[in-house]
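Please read the structure below before turning to the comments.
A note on names: the letters A, B, ... follow the listed sequences, proteins ahead of strands, and every chain is numbered from 1.
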Number of protein chains: 2
Amino acid sequence: MRLSEGVEWGVHCAVVLAALPPGAVLAGKALAEFHGVSESYLLKHLQALVAARVCESVPGPRGGFRLARAPEALSVLDVVEAIEGRQPAFRCGEIRQRGPAAQGPDAAVYRVPCAIHATMLRAESAWREVLRAQTLAELVAAVGAKLDPETIRATREWLVGRIRA
Amino acid sequence: MRLSEGVEWGVHCAVVLAALPPGAVLAGKALAEFHGVSESYLLKHLQALVAARVCESVPGPRGGFRLARAPEALSVLDVVEAIEGRQPAFRCGEIRQRGPAAQGPDAAVYRVPCAIHATMLRAESAWREVLRAQTLAELVAAVGAKLDPETIRATREWLVGRIRA
DNA sequence: GGATGAATACTCGGATATTTATTGTCCGAGTCATCCTGG
DNA sequence: CCAGGATGACTCGGACAATAAATATCCGAGTATTCATCC
């Protein structure tokens, strides 16, 4: 199991956007520079966020990205699913049905969800629940609480110079 | 996020082995036929289980695989980690440190684990905890409870003919 | 001086290569059972 | 009939391709700004 690198980029960008004043727009170029990553590739992931209604994009000069909803109404799960997709990580191929034990006339009993599948689904639900419970607003607060005032001031100043109404 | 197909195969095989009498050995060929999958590829995953001390392999004719521990002492997590690896799904590249906000002399403050990383780790822990709590013995019981007696008898007969001491 | 129009610079969006990981296959080393041979 | 040895068949183990996915990049469509021009 491996999470796409784009998930990290997407969540970081979402947190930055959540820290901006409501309605403020930030260009993908600024987001890429802020995180020290490739702008072209970051845009690809931001497109996924737009497609999933997590972000909105504004074209043209003075354009950029902003959150589609309030930071309190957006969870980390929203961002992760926007990039990784909503498909479950574990896909049950029902391989039991392919074995000799399933060749008889009672193959119907194999239709009940297999216990293994059920366990994996429970695990994934627990994973999602943690991410669903964490809002972007909470993350912004958590990040702010860990940094000293001077760093916050410098970061804020850097961002303000690039914000568009 | 996507789980390898080998995980499904590995867990199914582990459950079958857990259902056998203690010490019984079953060849990879039989496991592959039982699940209707490629023997060559299945062996690759069984090797991973052996490397992780989940299974033991017996070479030569009358050889095969058996669990390395009692089914009550083996969890689904053991099998999943054996195949997928123990690395966390989310790897924090600490991309904050690469941005302009981290260029000052206070870069040390970025050493504290970022809040995003912490959230992802909590989610993964919850996921692992569910899998760790489920033993192979419990899975065998759960599968048995869902099948009708006739199917169990036929399956058992099929397996017994291929078991090696 | 003000308004209008075209040119311009900057933005996102999607189509296109490159690298990596997963999936799938094959041949070789090792081992136990079997069969044959000799006593 | 019994013991010993060579043979053979079946097993796992690791090295080797093919395929799918993630990563990375580039060029094009669209828009607000800006500047020059005309009234």
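Applying the ring-ring contact (aromatic ring centres under 6.0 Å, His included) test to every pair with at least one member in residues 47-71 of chain A, sequence neighbours left out, gives no pairs at all. Listed by first and then second residue, the side-chain hydrogen bond (donor to acceptor under 3.5 Å, both in side chains) pairs that reach into residues 62-74 of chain A are E56(A)-R66(A), sequence neighbours excluded.
Contact between the side-chain N/O atoms of S38(A) and the OP1/OP2 oxygens of dT25(D) is found at a separation under 4.0 Å. Between dT23(C) and Y41(B), a contact under 4.0 Å exists linking OP1 or OP2 to a side-chain N or O.
The nearest whole Å value for the distance from the CZ atom in R66(A) to the C1' atom in dT11(C) is 14 Å. Regarding R91(A), its CZ atom lies at a distance of 14 Å from the C1' atom of dT23(C), rounded to whole Å. In this structure, the CD atom of E56(A) is 11 Å from the P atom of dG13(C), given to the nearest Å. Remark: P of dT22(C) and CD of E5(B) are 13 Å apart, rounded to the nearest angstrom. Distance, L49(A) CG to dG14(C) P: 14 Å, rounded to whole Å. Rounded to an integer number of Å, the gap from CG of L3(B) to P of dA21(C) is 17 Å. We find that CD of Q87(B) is positioned 10 Å from P of dA21(C), with the value rounded to whole Å.
Counting only heavy atoms from C-beta outward, the side chains of H12(A) and V15(A) never approach each other to under 4.5 Å. In this structure the side chain of V58(B) never reaches within 4.5 angstrom of the side chain of R164(B), judged on heavy atoms.
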Reading 5' to 3' through nucleotides 4-21 of chain D, protein heavy-atom contacts under 4.0 Å coded B for base, S for sugar-phosphate only, - for none: -----BBSSBB-------

Full working for side chain to side chain contact (heavy atoms under 4.5 Å, CB included) between I116(B) and F90(B): CA-CA 10 Å; I116(B) 295 172; F90(B) 182 85; 4.3 Å; yes

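Side chains of Q87(B) and R2(A): no donor on one and acceptor on the other come within 3.5 Å.
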